[in-house]
Each structure stands twice: as structure tokens, then as C-alpha cells.
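Since this is a predicted model, take the numbers as computed values, not measurements. The figures here come from the full heavy-atom set of this structure, side chains too, leaving out hydrogens, waters and symmetry mates.
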Amino acid sequence: MRVRAIINPNSCHGRTRTAWPKLARALEAELGVVEAVFTDAPLSATLRTREALQEGVDLVIAVGGDGTVNEVVNGFFAPPTSAEDHPLRPETELAILMSGTGGDFRKTFELGADLPAQVQRIAHGNVRAIDIGRIDYTDHEGRPAARYFNNIASFGLSGLVSDRVNRARLTKRVSGRFAFFWASLQSVLGYEMPRARIVVDDQPPLEIGVNTVAVCNGRYFGGGMHMAPMARPDDGLFDLVVMHDMTTRDLLRDPNAIYRGTHIEHPKVLTLRGRRVVATPLPGPHALLDVDGETPGRLPATFTLLPAVLKFRC
């Protein structure tokens, strides 16, 4: 098996760069030779992954945070310049060594933060075919754009929160969870609620005030928020969690509910399932996107599920 690691050396405040030599030795003790490629710019992991697949690599290991994993996942596909999706080498497997701010994707698979334990799961875990989402959206310049996501794509408050976290420095040094909690508190206060029309498959449309609407393949985002407790990344369906028309008091009454996953019991939270979600803005403020921790643009957006399209080793 030919193995290549795509490493973001700057993840976890640069600690991944320091940890890599030890991780490399642990991986090679289990897997044999591991080729190492370091990223050096935004979207570099996507380009390096496409190169790996074109060169016949059998296992790609994403080493970094949720953003690095998302970039690597995008590299498993040709650029989504049309309505069709083109996996580049369907037999190639993906594995993850996560050491970033949020570490949310690994939680769905019950992968702990301990990196040596993650190495053992890569070496001795199972391979499962997982679903991937595609989002067609509007970028910050108003142009149409598209990308893939493996975990959760959302809009509303979550977009503001991710933007704040990505620009933060001090809070991320405390912990990922604290960085997201503090950014969430800042975003809730003074939030100007956008409105949107949402259609899931052939279900009746919803017209709502948007707090956060999350289209979920995985269960966790925002540094440990248990957004979609019932989501499964291999069941062929998105879990849609719609937090709507909530006041600041509603949101602050029990801020830990979303970490427990009990927020879905609130009367202003809807849960739906489907394979295609179309979200159209209504007049008012823009609804910003959060796609696996990145903030690439805003509504309108269409979310499409690609079932069982990626082999994931965990």
C-alpha cells in the first residue's frame, strides 16, 4: 500500500510541525513507508491530494484540523465546475490525524484527541464508505462557487462565529471549545437575524428567521457542539437542524444545551432529513456560511448529498 500524509504544519498553533517526526515514526512502524507532504498556503492540501491520487496513492492521511481535512476531502474530487461530480480515484482511502482548534469531525467516529491512539485506529481500524456533501453557493464577491464538505455546512450565527474564531488569536490558545464559546456569545449579542426560504427534497417550503441552520453529515461542530445527535455519515441522508426565530434570551437561557445535544428539544428547533436542501435568502441581512469551519460566502446555497462516495479508514 502506498501511503501519503498531507500535513498542515501550522495547525494547533504550530504544534503539528513539532509533533510530526514522532507521528511519522509511529505510522511507519504500523504501515511501512509514509510519504510526507507539507502544505504551504490555503487550498494547498487540496492540490497536494489531487496530485497524490493522480500518482496512484492508496491511502491519504490528513494531518491537521477540520479545515485541513476538508481541503483533503475536496482533493478527492475534480474541481466542481459543473453540475456533475468526478471522484478522482474511488479506490483510494482517507484517514485522519486531527490536531486542530475544533477537532469536530473525529468525534462522530469516537476518535479521541490522543494522536497515538488515532495512529492505531488508522493501522487497525475498519474501512467504511461515507457520504460527502456538495454545496453550491455565492462567494463573498457575489460569484457562484462550489465545494465539498465532509462534516457540517451551515449558515446564520454559525457563519459569524466561525469568522470570529478564524480571526481569533488569544482565545484559541486557551482551547478550541473556549474559542467557539466566546465567539458564539459575541455573535449572539446584537445579531441581526436574516430570513430564508428552505426546501428539503420535495417537502413543503419553510420561511423562517435564521439563527443557525445546519446541514449535517457528521454530528459535531463549533468545538464540540453536538449539533446533530442522530446524524450518521453513511446513511445516505443529511440531518437538517433548523434553529429559527429565537430571541437572545432563548439562546442564552441554556447555552450548554447545544453541547449536550438537547437543543433539538426546543420548540423553535426543527429536525428534518433529506438528500437535497435549497436555501434562498429573503430580504434582509445576509446569511453567512460556515463549511467545515471555513467561511467561504453566503446564501443562496444548494446542499446535495453524494452517498457512499469516499472510503474512510477509522
Side-chain angles (χ1 to χ4, degrees), residues 6 8 10-11 39-50 62 64-83 85-86 100-102 104-105 131-168 172 176 179-180 183-184 187 191 194 196 198 210-218 220-223 225 227 238 240-241 276-281 285-306 310:
I6 310 295
N8 177 0
N10 297 318
S11 68
T39 64
D40 56 9
L43 302 181
S44 173
T46 298
L47 298 176
R48 301 292 84 80
T49 301
R50 288 185 182 134
D66 286 296
T68 303
V69 174
N70 175 270
E71 286 196 14
V72 168
V73 166
N74 273 268
F76 273 74
F77 299 85
T81 54
S82 69
D85 304 291
H86 299 284
T101 301
D104 286 305
F105 186 57
D131 309 327
I132 294 296
R134 169 176 169 152
I135 176 172
D136 292 80
Y137 63 96
T138 302
D139 71 14
H140 292 295
E141 285 71 45
R143 300 170 302 199
R147 63 191 297 170
Y148 299 97
F149 65 97
N150 48 283
N151 191 32
I152 295 177
S154 62
F155 54 91
L157 268 169
S158 56
L160 290 176
V161 171
S162 286
D163 183 59
R164 281 193 162 100
V165 170
N166 291 340
R167 290 187 284 109
K172 286 196 286 190
F180 280 101
S184 297
S187 299
Y191 179 59
I198 300 169
V210 174
N211 297 103
T212 290
V213 176
V215 181
C216 305
N217 192 39
Y220 295 87
F221 79 161
M225 296 178 185
M227 191 64 183
F238 287 131
L240 186 69
V241 180
R276 188 170 186 267
V277 180
V278 179
T280 307
H286 289 311
L288 296 180
L289 294 167
D290 167 27
V291 183
D292 287 348
E294 303 299 320
T295 52
R298 52 183 169 81
L299 296 188
T302 298
F303 308 79
T304 307
L305 188 97
L306 311 180
L310 180 63

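When Thr302, Thr304, Ile198 are each tested for a side chain to side chain contact (heavy atoms under 4.5 Å, CB included) with Val277, only one passes: Ile198. Only one option out of Asn217, Leu306, Leu310 pairs with Asp131 in a side chain to side chain contact (heavy atoms under 4.5 Å, CB included); it is Asn217.
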Does the pair Ser154 and Met227 meet the rule for a side-chain contact (heavy atoms from CB on, under 4.5 Å), with working shown?
CA-CA 11 Å; Ser154 62; Met227 191 64 183; over 6 Å; no
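Between Leu299 and Leu289 the shortest side-chain heavy-atom distance falls below 4.5 Å. Looking only at side-chain heavy atoms (C-beta outward), Glu71 and Asn8 stay at 4.5 Å or farther from each other.
Sequence neighbours left out, not one pair with a member in residues 145-161 passes salt bridge (Lys or Arg N to Asp or Glu O under 4.0 Å). Applying the salt bridge (Lys or Arg N to Asp or Glu O under 4.0 Å) test to residues at least two apart or on different chains, none of the pairs has a partner in residues 289-304.
The minimum heavy-atom distance between Val165 and Ala183, with the atom names listed, is CG2-CB, 3.6 Å. When all heavy atoms of Thr49 and Gly75 are compared, the closest pair comes out as CG2-C, 3.7 Å. In terms of heavy atoms, Pro194 sits closest to Ala287 at CG-CB, 3.9 Å. Nearest heavy atom pair, residue Phe221 against residue Ser158, reads CE1-CB, 3.9 Å. Taking both residues in full, the closest heavy atoms of Ser184 and Met225 are given as OG-CE, 3.3 Å, listed atom of the first, atom of the second, then distance. For the residue pair Gly223 and Asp104, the shortest heavy atom distance occurs at N-OD2, 2.9 Å.
Qualifying salt bridge (Lys or Arg N to Asp or Glu O under 4.0 Å) partners for Asp163, counting only residues two or more places apart in sequence or in other chains: Arg167. By the side chain to side chain donor-acceptor pair (under 3.5 Å) test, Asn150 pairs with no residue at all, sequence neighbours left out. Residues satisfying the ring-ring contact (aromatic ring centres under 6.0 Å, His included) test with Tyr191, not counting sequence neighbours, are none. Listed by chain and residue number, Asp85, Asp136 satisfy the salt bridge (Lys or Arg N to Asp or Glu O under 4.0 Å) test with Arg134 (two or more places apart in sequence, or in another chain).
A donor and an acceptor atom, one from each side chain of Asn70 and Asp66, are nowhere located under 3.5 Å apart.
Residue Arg164 places its CZ atom among more than 12 non-hydrogen atoms of other residues, nucleotides or ligands, all under 6.0 Å distant.
Here the CD1-CG distance, from Ile132 to Asn151, works out to 9.5 Å after rounding to the nearest 0.5 Å. To the nearest 0.5 Å, the span separating OG on Ser162 from CZ on Phe155 amounts to 14.0 Å. Distance check, rounded to the nearest 0.5 Å: OG1 of Thr295 to NE2 of His140 gives 4.5 Å. The distance from the OG1 atom of Thr39 to the CD1 atom of Ile6 is 9.0 Å, given to the nearest 0.5 Å.
No donor-acceptor distance shorter than 3.5 angstrom exists from the side chain of His286 to the backbone of Pro281, with no hydrogens or angles considered.
Between Phe77 and Tyr148, the ring planes are parallel. Angles under 30° get that label, and only those over 60° would be called perpendicular.
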